[in-house]
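Computed from a predicted structure; not experimentally measured. Just so you know, these numbers use all the heavy atoms, side chains as well, and skip hydrogens, waters and symmetry mates.
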2 protein chains.
Amino acid sequence: MAARMTGMPGGNLTRTTLDTLGRAIVTGEYDETPFPTEAEIGKAHGISRSVTREAVKMLTAKGLVSARPRQGTVVRPAAAWNLFDPDVLHWLLDRKFSVELLRQFNQLRVAIEPEAAALAAVAADDDDQARIADGLARMAAAERGEDDPLEADIDFHVAILLAAKNPFYAQFREMVATALNTSIRFTNTIVGRSASVEQHAAVAEAIAARDSVAARSAMRALIGDVLDLIDARGAV
Amino acid sequence: MAARMTGMPGGNLTRTTLDTLGRAIVTGEYDETPFPTEAEIGKAHGISRSVTREAVKMLTAKGLVSARPRQGTVVRPAAAWNLFDPDVLHWLLDRKFSVELLRQFNQLRVAIEPEAAALAAVAADDDDQARIADGLARMAAAERGEDDPLEADIDFHVAILLAAKNPFYAQFREMVATALNTSIRFTNTIVGRSASVEQHAAVAEAIAARDSVAARSAMRALIGDVLDLIDARGAV
DNA sequence: AGGCGGACAATTATACGACGAATGCAATGT
DNA sequence: ACATTGCATTCGTCGTATAATTGTCCGCCT
């Protein structure tokens, strides 16, 4: 009887259940219908109540639901969701690729990354500089078709986030990675990225020259362009 | 035999266990000694394994630990922690009030809040404007000893974050609140906040005038001053 | 008739016990 | 010395039972 979904990646039952429920919640599957009870979830997925409870507890930890006796488990308003949780963000970006969400996320990037570049200009050590330079080199190589453009782009931005030497900025690492990953098909199909490498180079040079102000404005220009692109497209 | 810690706030056993374990982890209690087994945790706290597992699962959801059979549960490196989780941030700020952490957090605020103010200048509706004005008024009142300065300050900043009309910015709501809450005893004991109200007023006026640029720079100046304060103190 | 209080029921919270699966480690044999 | 095998440990999963909480509803009192 048990579903025995051991074929799924992650192997672990609780994890797969968490994923399924998380996705269902962010796709608004329980906006009208009430969230099922533990017993119902278990029956529907062919899992025991222990597994169900652990998955629900993890959803609770991420702010997606809250549970009380007699009331049942209820989906919390989206404002209470922990958007910076990698899982939650992943589910959100996967659900249907909303341009609106992409715009909002890049509005965040335009705040974070310029400041990260400014901090990096001050705090980056030799390893950080090397990593940034490497990311840039890979972007240039990708331009010539010799490397993966997405990976290179991600590496570059992540290198700067890490070079800021601030754990809060480092936190955006996985977020930027997943967001870039899902947004690339959008931004890249619109415009050639010929200018992009130059802009990235400007950022890298400013950081290498330890010029905080220049690094900040270069990065702001870079992401600002992406935002303009999205706004232009979104306003259609 | 069971500890019956029903006197604790939050009432719920799993929650209190989560809190205890979370605090222990961020205070580095398991940096040397290995993380205990589920059975050990249960025995130590006088709780069943179910509760233990659910608490550990929540820690897993927040990125603090990872578990594998035979290997046991291990504390993940701090870089993997979900710093933007309200619980995690709370535990961190509570642990011993590190000036370094406060500085790093305000380095984040100096990225977020000016941009939020700029967005608010564009997107704020009448309710948002009213809330911002109210926060400012309360700060002024607090200046005269007629209101709680901390609450007023928090309300003001939160109002701007919400006015940005971007869920990612709204996310910082609880973070700024808790951080301000714990940092107030630090920043407030150093300098009188006479100038502070004026700076806040400048931000509010710029937003009311729908002047993004002015709002951004005013907010940047405000938090920049806080940062300078911390840097001056931290550099002793 | 209307408000109020208590019984009832539904649902999560907690607990206990058992078995399975994975895996690091050691013993063992070649 | 090395590969293989067996073992012990620990998390993973399951099932069931009981407690606690609280919304709902019914009946009683005013």
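- Contacts of residues 50-74 of chain B with DNA chain C (heavy atom under 4.0 Å): B:Ser50, B:Val51, B:Arg68, B:Pro69, B:Arg70.
- Ring geometry for A:Phe84 against B:Phe84 counts as tilted: the plane angle lies between 30° and 60°, on a 0 to 90° scale.
- Not a single salt bridge (charged side-chain N to carboxylate O under 4.0 Å, His left out) links A:Lys57 to another residue, sequence neighbours left out.
- Atom-to-atom, NE2 of B:His45 to P of C:dA15 comes out at 12 Å; the value is rounded to the nearest Å.
- No more than 12 heavy-atom neighbours from other residues, nucleotides or ligands sit within 6.0 angstrom of CG on B:Asp126.
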Between B:Asn166 and A:Gln104, is the side chain to side chain donor-acceptor pair (under 3.5 Å) condition met? List the steps. CA-CA 6 Å; B:Asn166 181 317; A:Gln104 289 170 336; 5.2 Å; no
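- Note on residues 64-74 of chain A: no pairs pass salt bridge (Lys or Arg N to Asp or Glu O under 4.0 Å), not counting sequence neighbours.
- Nucleotide D:dG15 holds its P atom 11 Å from the CG atom of A:Leu13, rounded to whole Å.
- Within 6.0 Å of CD on B:Glu174 lie no more than 12 heavy atoms contributed by other residues, nucleotides or ligands.
- Of the candidates D:dG12, C:dT14, C:dA13, the closest approach to any side-chain atom of A:Glu38 belongs to C:dA13.
- OP1 and OP2 of C:dA13 both lie 4.0 Å or more from every side-chain N or O belonging to B:Thr14.
- Of the candidate nucleotides C:dT12, D:dC14, D:dG12, C:dT12 has the atom nearest to the side chain of A:Thr37.
- In the interface, the side chain of A:Arg49 is paired with the base of C:dA13 through a donor and an acceptor atom under 3.5 Å apart.
- For the pair B:Lys43 NZ and C:dC16 P, the computed distance is 12 Å after rounding to whole Å.
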